[in-house]
Amino acid sequence: MKVDKNKCLRCSGCVGLCPQNSLDLLETGIDFGPGCNGCGLCERFCPVGAISKR
Amino acid sequence: MSDEYDVAIVGAGPAGAYTAKSLAEKGLSVYCIEKRQEIGAPKRCGEGLAIDYFGKLGIKPEREFARQEIRGFILNSPAGKKLKFKKGIEDYGGYILERKAFDKHVATLAARAGADIRAKTRCTGLLKHGSRVAGIKVESFGEGFEVKAKIVVGADGVDSKVARWAGLPSIQKPNEYESGIQFEMANVEVEDPQCLEFWTGSKIVPKGYLWVFPKGKDVANVGLGMPPGDKRPVEYLQKWVQGQARFRDGSILEVNAGGIPVGGPLKTFVTDNFMVVGDAAHQVNPLHGGGIGIGMLSGRILADVAADAIKRGDTSAKVLSEYDRLWQKEFGPWLSNIARLKRIVHRLNDEQLDGLIGLISPEEVLKLSNGDLREVGMTVLKKAPALGKVFISGLL
């Protein structure tokens with residue numbers, strides 16, 4: 001998955017949802033980590049649609 | 001600063017900071033960290049706090065962090081029926097906070113009580129002795145170090161990492177988690193600066209609600225919370241704001257977002273040497289999504305149990321689980337009823353919601369928000385049997 005930093009509000013809502021515990025909010029922004037399996041739950045959740053499949 | 005404390009708390013929002021204050025007041029050594037460079041911002045919150053929490057928490061509302069006095073509410077049904085309630089603040093009400101100032105205020109109280117609070121300090125992992133939690137690994141300004149603690153507390157929000165590392169099932173489930181989006185707006189017109197506005201309807205905000213929380217005569221938090229739907233939450237908010245003449249030409253001072261746990265609290269809040277509080281523990285009202293007051297009061301219960309356990313020299317899950325029991329006693333029945341109410345309301349279509357808002361009184365709305373469902377259900381059954389049946393069936 002990837003994030004559009006122009007839209008992302010850094011609310012970390014997606015981080016709370018990731019079943020792989022692969023998402024994190026770092027100082028540099030949302031990071032998907034090596035465990036991301038593309039399930040798309042984060043994309044479904046995002047209030048502003050900042051996340052999409054690579 | 002030391003490398004060993006009685007309690008290490010991850011997260012310095014209201015729940016974490018109030019837990020820190022409560023523990024420090026009992027004479028325990030407390031270390032409380034916040035990964036962000038600033039406590040209290042950016043907010044992911046509508047900023048409402050009911051009046052009885054101030055009394056229970058021993059916090060006097062001050063202008064600096066209690067921006068707008070609230071004395072009532074206005075419920076808007078899908079078809080636009082209004083149900084208004086307004087009284088003196090002792091009867092109903094609260095304040096819309098300025099979280100930037102409020103969160104720092106609570107952290108300051110904790111600091112004065114003796115807690116060591118550190119901003120721009122992130123927890124990178126749990127220290128373990130074998131399988132037992134023994135403290136936290138921390139990073140601040142690029143330097144890593146370890147802090148030992150008898151008990152570690154996870155107060156790091158809906159996205160809590162620490163709770164997961166400790167083995168608690170804290171990952172948010174998609175069907176128990178709503179998306180929130182909000183504009184803090186200026187130069188807008190609110191219906192009544194002392195009243196919260198609530199808006200409902202499948203065309204406005206499907207399966208959720210939209211709020212206008214005044215922060216002044218012409219400033220307000222305008223936001224909504226809903227489960228994922230056909231359109232993005234931000235699109236529903238923008239459409240509604242554009243459709244209201246009183247908001248259309250207003251200015252946007254802040255854009256806020258966040259996830260809201262609405263499935264009720266975790267089944268247990270503890271493991272060996274570890275406890276959770278606040279959003280990290282899903283200690284949130286399932287109907288309206290508020291958690292500041294519950295989180296802070298939970299922190300005090302946590303502190304009582306933690307202090308006792310440390311004094312006894314036994315911080316095992318068995319001893320710490322007294323926190324679960326005390327929490328259940330204080331909040332369990334009320335929040336279970338609120339969850340029931342939410343399920344009932346979600347079964348209603350727009351027409352039925354119009355019907356319900358049209359026939360209940362403001363006092364009955366207050367009863368419902370206290371979890372008194374049965375009595376109101378019987379009244380609805382008498383006045384509108386078909387609607388009442390849907391209501392009552394949700395109580396079984």
Side-chain angles (χ1 to χ4, degrees), chain A, chain B residues 11 35-37 41-45 120 122-124 139 141-142 156-165 167 169-183 208 223-238 254-261 279-280 282:
Chain A
M1 309 301 292
K2 66 184 201 293
V3 64
D4 181 347
K5 291 196 176 184
N6 291 319
K7 287 188 177 170
C8 176
L9 294 172
R10 301 165 63 95
C11 77
S12 270
C14 53
V15 177
L17 197 47
C18 178
Q20 308 304 318
N21 196 21
S22 189
L23 261 174
D24 203 358
L25 175 64
L26 307 175
E27 278 72 7
T28 47
I30 293 291
D31 179 73
F32 289 96
C36 173
N37 65 3
C39 76
L41 279 179
C42 52
E43 180 192 1
R44 189 136 196 275
F45 159 85
C46 181
V48 296
I51 296 178
S52 56
K53 281 199 159 41
R54 257 193 194 289
Chain B
K35 75 180 178 200
R36 295 190 195 257
Q37 65 192 66
K43 66 179 186 277
R44 28 191 203 180
C45 183
K120 190 124 180 79
R122 165 190 287 267
C123 179
T124 53
E139 176 271 318
F141 285 96
D156 48 339
V158 300
D159 48 320
S160 172
K161 289 290 180 185
V162 175
R164 298 183 198 189
W165 293 334
S170 63
I171 294 181
Q172 306 290 345
K173 298 189 178 66
N175 64 343
E176 294 179 349
Y177 194 53
E178 293 191 359
S179 302
I181 182 80
Q182 173 174 268
F183 300 146
L224 57 83
M226 53 180 277
D230 297 331
K231 294 204 282 254
R232 295 284 167 187
V234 69
E235 292 175 66
Y236 287 102
L237 183 61
Q238 281 164 338
E254 275 188 34
V255 182
N256 310 127
I260 308 148
D279 284 358
H282 305 198

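Every chain is numbered from 1 and lettered A, B, ... according to where its sequence line falls, protein lines coming before strand lines. Only this structure's heavy atoms are used, side chains among them; waters, hydrogens and symmetry mates stay out.
- For A/L25, the parts sitting under 4.5 Å from any heavy atom of chain B are the backbone and the side chain alike.
- No part of B/Q37 comes within reach of chain A, as not one of its non-hydrogen atoms sits under 4.5 angstrom from that chain.
- Heavy-atom minimum distance, B/R122 versus A/D24: NH1-OD2, 3.7 Å.
- If you take NZ on B/K35 and OG on A/S12, they are separated by 4.5 Å, rounding to the nearest 0.5 Å.
- Scanning both residues, B/P233 and A/C46, for their nearest heavy atoms gives CD-O, 4.4 Å.
- Atoms CG and SG, from B/D159 and A/C18 in turn, are 12.0 Å apart once rounded to the nearest 0.5 Å.
- Interface remark: B/K231 contributes no atoms to any contact with chain A (heavy atom separation under 4.5 Å).
- To the nearest 0.5 Å, the span separating CG on A/L17 from CD on B/E176 amounts to 11.5 Å.
- Residues of residues 27-43 of chain A placed with any heavy atom under 4.5 Å of a heavy atom in chain B are listed by number as A/E27, A/L41, A/E43.
- Among B/E235, B/R44, B/M226, B/R232, the residue with the largest count of heavy-atom pairs under 4.5 Å with chain A is B/R232.
- Among all heavy-atom pairs drawn from B/Y177 and A/G16, the shortest one is OH-CA, 4.2 Å.
- Within 6.0 Å of NZ in B/K173 there are 12 or fewer heavy atoms belonging to other residues, nucleotides or ligands.
- The two residues A/V15 and B/K161 make their nearest non-hydrogen contact at CG1-CE, 3.8 Å.
- B/G180 and A/P47 get closest at one heavy-atom pair: O-CG, 3.6 Å.
- Under a cut-off of 6.0 angstrom, the local environment of CZ in A/R44 is sparse, with at most 12 non-hydrogen atoms contributed by other residues, nucleotides or ligands.
- The most heavy-atom pairs under 4.5 Å with chain A, out of B/L224, B/V158, B/I171, B/D279, come from B/I171.
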